[in-house]
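Could you have a look at this structure, given as structure tokens, before my questions?
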Amino acid sequence: MAAVPGVRALLTVQRSVTLQHSFFGFIPIHFASACFPRRHYSTSTGSTETKLPVNPENESLLENLNLMGVDVRMARQRQPGVLRKTFTNEHGLAQFLQGKGASRKVIASIISRYPRAITRSIEHLEQRWQLWRNIFQTDAEIVSILDRSPESFFRSSDNDNLEKNIDYLVSLGLNAKDLHRLLTTAPRTFSNSLELNKQMVEFLEDICTELGGSNPEQFAKMVITRNLYILIRSTKRVKTNIDNLKASLKLSDSELLALLQGHGAEILDLSNEYLKKNFNSLEQKMTALGCRKADVKKLIINYPMILYIGPDTLSSKLDCLLKGGITMKQILEKPKVLDYSTQNITGRLEELRRVGYDFQKNGINILDSSRKRFAAKIEKLSASPEE
């Protein structure tokens, strides 16, 4: 009976060799799964500490990965333990992904960045792929995500948990488009335990109730769809951010509820320190520019994303706009101009100065326009300066 596992291992390797033959052509293959490296034991003399045996890297596996174009050095840095495994499924994985439309280059990149992918069985891969296909329309979309973030697909080995999370999120009212965005942007949401996701949803519902909201379920759904990262953050972080916003801006319950139901939800995933630091810097900068606390409150309520902008970057943008002839009052009325990079703002201000644009007369809406619309407006102003 003891010989049975060894026979199975050799049969597995034979299947693996066949797969590589079909994917990479005729290349010499070593039987990685049949290679049993020695284990070396050592103890510390005069000490109770005993060093645990450590398997050396599997040389046959390393050669196979090299033949596949994998960056072994990167793989070793990312997940070194995988390279010491005796049984792996690199060839099966390669053929599976090739069958879904992935190129050899993409497959090698996936394994280089997330080596643990080669430990997944074909059965596991097929089941997980089908679950993803319930959300995505094509295999190409999934391959594209794996190319960008291999971890999103291979991090968890629990397909049952993935299925339960999908069912739960659908039960909250999230549609296929919402799930698509979640899986594309914050795939770790689906690797969370179901209980962890439920904990955040229940927390959000409680916040709504505490603030006098009438529809906690809809509130939770709105926050999740506005901030795709919320489910991979802790309730402690989110609660601290909510408490800090309420205290710093002196918001009433109704004001806070309105903020969180709107764009304020987009900043709840920020770290507590970063949010607090950016708020303090913004308040100091605006005070130095002659603004009142009411102005700070108005700006954040109308444009919460300003708290995403680091202190130095924000200061640079404000200085650039003010030097360009724009007033702080205009910025408060149209804060989305801060969405653009300092370089973009500087370039547009120079173009507008060249054509004699008057911000006091015409306002600053032109700064908050697409590149195409802005170019068309500049062309028109150049042809008719009097406008």
Side-chain angles (χ1 to χ4, degrees), residues 204 207-208 210-214 219 222-223 225-227 230 237-342 344-346 348-349 352 357-369:
L204 293 173
I207 288 292
C208 178
E210 290 172 12
L211 297 178
S214 59
F219 174 82
M222 289 178 66
V223 172
T225 54
R226 284 189 177 276
N227 191 328
I230 198 76
R237 171 185 290 200
V238 176
K239 184 179 188 307
T240 300
N241 282 338
I242 291 174
D243 290 343
N244 286 341
L245 286 171
K246 183 174 185 179
S248 300
L249 297 175
K250 294 181 170 53
L251 298 172
S252 65
D253 286 352
S254 59
E255 286 176 323
L256 181 58
L257 182 64
L259 177 64
L260 299 180
Q261 287 180 148
H263 292 291
E266 298 171 29
I267 62 174
L268 293 181
D269 67 297
L270 292 175
S271 74
N272 304 145
E273 297 76 15
Y274 187 77
L275 186 66
K276 192 171 183 179
K277 174 185 175 183
N278 288 355
F279 175 84
N280 291 336
S281 296
L282 173 63
E283 188 174 44
Q284 290 172 11
K285 179 68 176 179
M286 291 185 67
T287 299
L289 293 172
C291 297
R292 302 165 301 166
K293 287 190 175 182
D295 295 323
V296 177
K297 180 177 179 178
K298 177 182 178 181
L299 179 58
I300 294 175
I301 288 177
N302 291 338
Y303 182 59
M305 292 299 288
I306 196 170
L307 294 177
Y308 250 109
I309 307 173
D312 293 340
T313 302
L314 177 61
S315 182
S316 177
K317 289 182 180 183
L318 288 173
D319 290 343
C320 181
L321 289 166
L322 295 172
K323 289 177 182 177
I326 295 168
T327 66
M328 197 63 207
K329 181 179 179 181
Q330 289 176 308
I331 296 173
L332 289 170
E333 293 299 327
K334 191 69 178 178
K336 283 206 69 177
V337 296
L338 296 168
D339 270 349
Y340 300 88
S341 68
T342 305
N344 183 292
I345 294 171
T346 301
R348 291 192 171 194
L349 288 174
L352 292 167
Y357 189 84
D358 187 343
F359 288 112
Q360 303 311 312
K361 177 182 177 182
N362 301 311
I364 67 172
N365 283 345
I366 190 172
L367 290 173
D368 182 25
S369 59

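Numbering starts at 1 and runs along the sequence shown.
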Exercise. Quick check: are there more than 12 heavy atoms from other residues, nucleotides or ligands sitting under 6.0 Å from NZ of Lys297?
Worked result: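 Check passes, neighbour count above 12.
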Exercise. Within the distance-only criterion (no hydrogens, no angle test), does the side chain of Asp253 pair as donor or acceptor with the backbone N or O of Leu211 below 3.5 angstrom?
Worked result: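 Not a single qualifying donor-acceptor pair exists.
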Problem set entry | For Glu283 against Lys293, the heavy-atom pair lying closest together |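 Smallest heavy-atom distance, with atoms named: OE2-CE, 3.9 Å.
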Exercise. Any donor and acceptor pair, going by atom type alone, linking the side chain of Asp269 with main-chain N or O of Ile230 inside 3.5 Å?
Worked result: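 Side chain of Asp269 to backbone of Ile230: no pair is present.
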Exercise. Do the side-chain N and O atoms of Tyr303 and Asp339 include a donor-acceptor pair separated by under 3.5 angstrom?
Worked result: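 The criterion, which ignores hydrogens and geometry beyond distance, is satisfied for Asp339 and Tyr303.
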Exercise. Any donor and acceptor pair, going by atom type alone, linking the side chain of Lys334 with main-chain N or O of Ile364 inside 3.5 Å?
Worked result: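 A pair under 3.5 Å: no.
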Problem set entry | Closest non-hydrogen atom pair between Pro304 and Leu259, with its separation |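 Closest approach of Pro304 to Leu259, heavy atoms only: CG-CD1, 3.8 Å.
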Exercise. Do NZ/NE/NH1/NH2 and the carboxylate oxygens of Asp295 and Lys298 come within less than 4.0 Å?
Worked result: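 No, this pair does not count.
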For this session: Would you give the length of the straight line joining atom CE of Met328 to atom CG of Leu321, rounded to the nearest 0.5 angstrom?
Result: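 Between atom CE of Met328 and atom CG of Leu321 there are 9.0 Å.
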Exercise. Donor-acceptor pair, Arg226 side chain versus Ala265 backbone, under 3.5 Å?
Worked result: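 Answer holds: no.
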Exercise. Looking only at heavy atoms, what is the nearest atom pair of Thr346 and Cys320, with distance?
Worked result: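 Looking at all heavy atoms of both residues, the shortest contact is OG1-SG, 3.2 Å.
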Exercise. Where the side chain of Tyr308 meets the backbone of Leu270, is there a donor-acceptor pair that is under 3.5 Å apart?
Worked result: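 It does not hold such a pair.
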